[in-house]
There are 2 protein chains.
Amino acid sequence: MHPSPSTCQQCAQRFNSVFCKAREEHVEVINDKKVCNIYKKGQLLFHEGAHPFGVFCINDGKVKLSHQGDDGKEQIIRLLKAGDVLGYRALLSGDRYSASAVALEDTQVCFIPKDVFINVLQHDAGMAFEMMKVLSDELHRSEIKLTHLAQKPIRERLAETLLFIKETYGFEADGITLAVKLSREEIANLVGTATESTIRLLSEFKKDGMIELDGKKIQILKPKQLLATANLQD
Amino acid sequence: MHPSPSTCQQCAQRFNSVFCKAREEHVEVINDKKVCNIYKKGQLLFHEGAHPFGVFCINDGKVKLSHQGDDGKEQIIRLLKAGDVLGYRALLSGDRYSASAVALEDTQVCFIPKDVFINVLQHDAGMAFEMMKVLSDELHRSEIKLTHLAQKPIRERLAETLLFIKETYGFEADGITLAVKLSREEIANLVGTATESTIRLLSEFKKDGMIELDGKKIQILKPKQLLATANLQD
DNA sequence: ATTGAAAAATGACAAAGGTCATGTTTCAAA
DNA sequence: TTTGAAACATGACCTTTGTCATTTTTCAAT
């Protein structure tokens with residue numbers, strides 16, 4: 001993990017986040033009030049149903065955001081990385097959290113209190129606009145996923161999910177190994193299917209030579225073939 | 001359909017929309033630049049893939065917003081009514097439209113040009129905040145639907161969809177007939193299933209006495225039983 | 001290195017839901 | 001009023017996917 005920055009002004013993620021357009025004075029206020037923290041792998045940032053007291057800004061690491069289905073089954077709705085902010089949805093809607101956030105690896109996070117975040121949003125048009133962009137993009141992603149979930153077979157959705165993981169977290173130094181370790185169950189909860197189906201299809205993908213499996217390490221051998229399998233028209 | 005208002009200031013939907021917190025001066029600007037129009041049932045407001053030139057504000061009527069799946073199958077992602085704004089997602093993301101909007105009945109719509117809408121958003125913190133709320137609420141709804149799509153059987157999703165239609169459009173004067181006419185195919189495209197499955201399940205619901213069917217007219221006879229069938233924990 | 005629990009893998013089977021074929025009804029245009 | 005296309009309805013069937021049971025592997029704690 002990278003060293004913690006002393007200030008938001010120097011933060012590596014500053015221009016890579018929703019704060020990229022925030023005015024200097026506002027960044028200073030945020031810097032004064034933020035609280036940084038490290039969450040160990042598997043640790044909970046917040047839990048579905050809890051009241052939000054602010055937003056979290058990932059400085060380094062990886063986080064999953066997931067709903068609890070009515071029967072208790074997890075549905076992963078977002079994967080977050082450095083520069084991403086989370087917890088804003090509930091804050092803006094005035095709701096409680098509708099999802100839980102869990103660190104996928106040791107993760108360094110800054111917490112920005114609710115009133116500070118809201119206040120800056122209301123006085124900084126540039127940042128407010130960036131926030132709307134983030135929300136719009138998330139909404140877009142969610143609606144596309146909804147359509148695919150309704151209309152595409154699991155094989156295509158799994159291929160798409162592997163490519164999505166690649167887009168989000170990229171590769172290890174070797175250029176082919178996905179830079180995140182997810183259990184088969186987590187991948188299934190991302191795809192929206194049963195764990196066994198995911199395992200079976202991953203084996204098939206391996207047999208077809210598209211991927212290589214070594215425990216939780218997944219290598220993408222033939223990205224083009226995987227893309228064809230995902231059958232995306234977007 | 002209600003008579004067209006002469007101005008945004010007098011519009012019945014003003015305080016029932018994202019403009020509710022907009023400052024008077026901004027409402028005036030919008031009023032000066034808006035263009036009102038009537039779309040006949042079935043008419044297209046905008047098409048997936050087109051470039052957005054502004055946002056649409058529904059004064060009276062009903063509109064469906066839908067994606068085209070990769071195989072050409074429609075997925076209805078939102079149902080809109082008076083007071084709702086549409087077309088903002090693409091505008092804010094700087095994308096082309098990712099969905100098409102079609103009038104479900106004769107609908108009166110005001111068009112607000114892109115630059116006017118963006119300009120007001122950037123100078124009116126109150127309205128910007130309302131816009132973020134709208135986006136957050138939509139995102140929430142979309143993510144819940146995603147989870148249900150991934151985890152719930154069609155029977156439950158259909159019951160939920162009927163209740164959702166009720167929430168959105170309410171009843172006719174009789175208090176039990178859904179105030180919108182949708183084809184079985186449209187209901188299926190809202191639920192995310194095949195038309196035949198929807199038809200079969202609607203027949204079952206009727207046999208169970210939960211609903212009454214008369215062509216496109218759907219009456220909700222036992223809302224509680226329907227709610228139980230939807231099996232919602234939210 | 002051992003070991004025990006969790007995760008992964010695999011097979012058998014069942015259930016859900018989609019597809020196709022076909023018949024019936026509706027409804028608007030002639 | 002007739003009529004023809006589109007929507008609705010229903011049955012038969014089959015594919016996909018989920019569930020359950022069992023075995024194998026992995027991996028971290030001792």
Side-chain angles (χ1 to χ4, degrees), chain A residues 40-42 69-75 104-106 147-162 178 180-208 211-219 229 231, chain B residues 40-42 69-75 104-106 147-162 178 180-208 211-219 229 231:
Chain A
K40 290 298 215 178
K41 177 174 177 170
D70 291 345
D71 54 348
K73 193 180 176 196
E74 173 187 54
Q75 178 67 34
L104 289 170
E105 56 183 51
D106 292 1
T147 302
H148 290 178
L149 208 40
Q151 301 189 352
K152 286 171 160 255
I154 295 184
R155 186 183 177 80
E156 293 183 21
R157 283 175 14 228
L158 176 60
E160 189 179 350
T161 297
L162 292 175
L178 290 180
V180 67
K181 286 188 179 172
L182 296 170
S183 67
R184 301 290 190 267
E185 188 179 4
E186 284 173 317
I187 295 173
N189 294 344
L190 210 39
V191 173
T193 187
T195 306
E196 292 92 329
S197 299
T198 296
I199 290 171
R200 266 184 257 272
L201 282 168
L202 283 175
S203 300
E204 275 190 41
F205 286 3
K206 177 179 173 177
K207 194 153 44 182
D208 295 348
I211 64 174
E212 188 49 64
L213 296 170
D214 176 16
K216 292 200 179 23
K217 228 191 311 181
I218 299 179
Q219 301 186 322
T229 302
N231 190 28
Chain B
K40 291 298 216 178
K41 176 175 177 170
D70 291 346
D71 53 350
K73 192 179 177 196
E74 174 188 53
Q75 178 68 32
L104 289 171
E105 56 182 52
D106 292 1
T147 302
H148 290 178
L149 207 42
Q151 301 189 352
K152 286 172 160 253
I154 294 183
R155 186 182 177 80
E156 294 183 22
R157 300 206 321 262
L158 176 59
E160 189 179 349
T161 298
L162 293 176
L178 290 180
V180 67
K181 286 187 179 172
L182 295 170
S183 67
R184 301 290 189 266
E185 188 179 5
E186 284 174 317
I187 296 174
N189 294 345
L190 209 39
V191 174
T193 185
T195 306
E196 292 92 328
S197 299
T198 296
I199 290 171
R200 266 184 257 273
L201 282 168
L202 283 175
S203 299
E204 274 190 41
F205 285 3
K206 178 179 173 177
K207 194 153 45 182
D208 295 347
I211 64 173
E212 188 50 64
L213 296 170
D214 176 16
K216 291 197 178 26
K217 228 192 309 183
I218 299 179
Q219 302 186 321
T229 303
N231 189 27

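Below, all heavy atoms of this structure are taken into account, side chains as well, without hydrogens, waters or symmetry copies. Keep in mind that this is a model prediction, so the values were computed, not measured.
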Whole angstrom value for the distance that separates C1' of dG18(C) from CD1 of I154(B): 8 Å
For the pair made of CZ in R184(B) and C1' in dA6(D), what is the distance, rounded to whole Å? 14 Å
With a cut-off of less than 4.0 Å, is there a side-chain N or O of T195(A) near OP1 or OP2 of dA7(C)? no
Would the distance check show the side chain of Q75(B) and the main-chain N or O of N189(B) forming a donor-acceptor pair, the cut-off being under 3.5 Å? yes
Is the number of heavy atoms from other residues, nucleotides or ligands within 6.0 Å of NZ (K73(B)) greater than 12? yes
For the pair made of NZ in K217(A) and C1' in dC27(D), what is the distance, rounded to whole Å? 14 Å
Could you report the tightest heavy-atom contact between G192(A) and A150(B), atom names first, then the distance? CA-CB, 4.0 Å
Between atom CG of L149(B) and atom CG of L149(A), what is the distance when rounded to the nearest 0.5 Å? 4.5 Å
Positions of residues 196-204 of chain B (non-hydrogen atom under 4.0 Å from DNA chain C), listed by number: E196(B), S197(B), R200(B)
State the NZ-OG1 distance between K152(A) and T147(A), to the nearest 0.5 angstrom. 10.5 Å
Rounded to whole Å, CD1 of I187(A) lies from C1' of dA9(C) at a distance of 14 Å
State whether the side chain of E156(A) and the backbone N or O of P153(A) hold a donor-acceptor pair below 3.5 Å, judged by distance alone. no
Measure from NZ on K73(B) to C1' on dG17(C) and round the result to the nearest Å. 11 Å
How many Å lie between CG on L213(B) and P on dA9(D), as a whole number? 7 Å
Expressed in angstrom and rounded to an integer, what is the separation of K152(A) atom NZ from dT15(D) atom C1'? 19 Å
Backbone of K41(A) reached by a side-chain donor or acceptor of D106(A) within 3.5 Å: yes
Distance in angstrom units between K181(B) NZ and dA7(D) P, rounded: 15 Å
Which residue lies more 5' along DNA chain D, comparing R157(A) with E185(B) via nearest heavy atoms: E185(B)
K216(B) side chain: which of dA7(D), dG17(C), dA8(C) is closest? dA7(D)
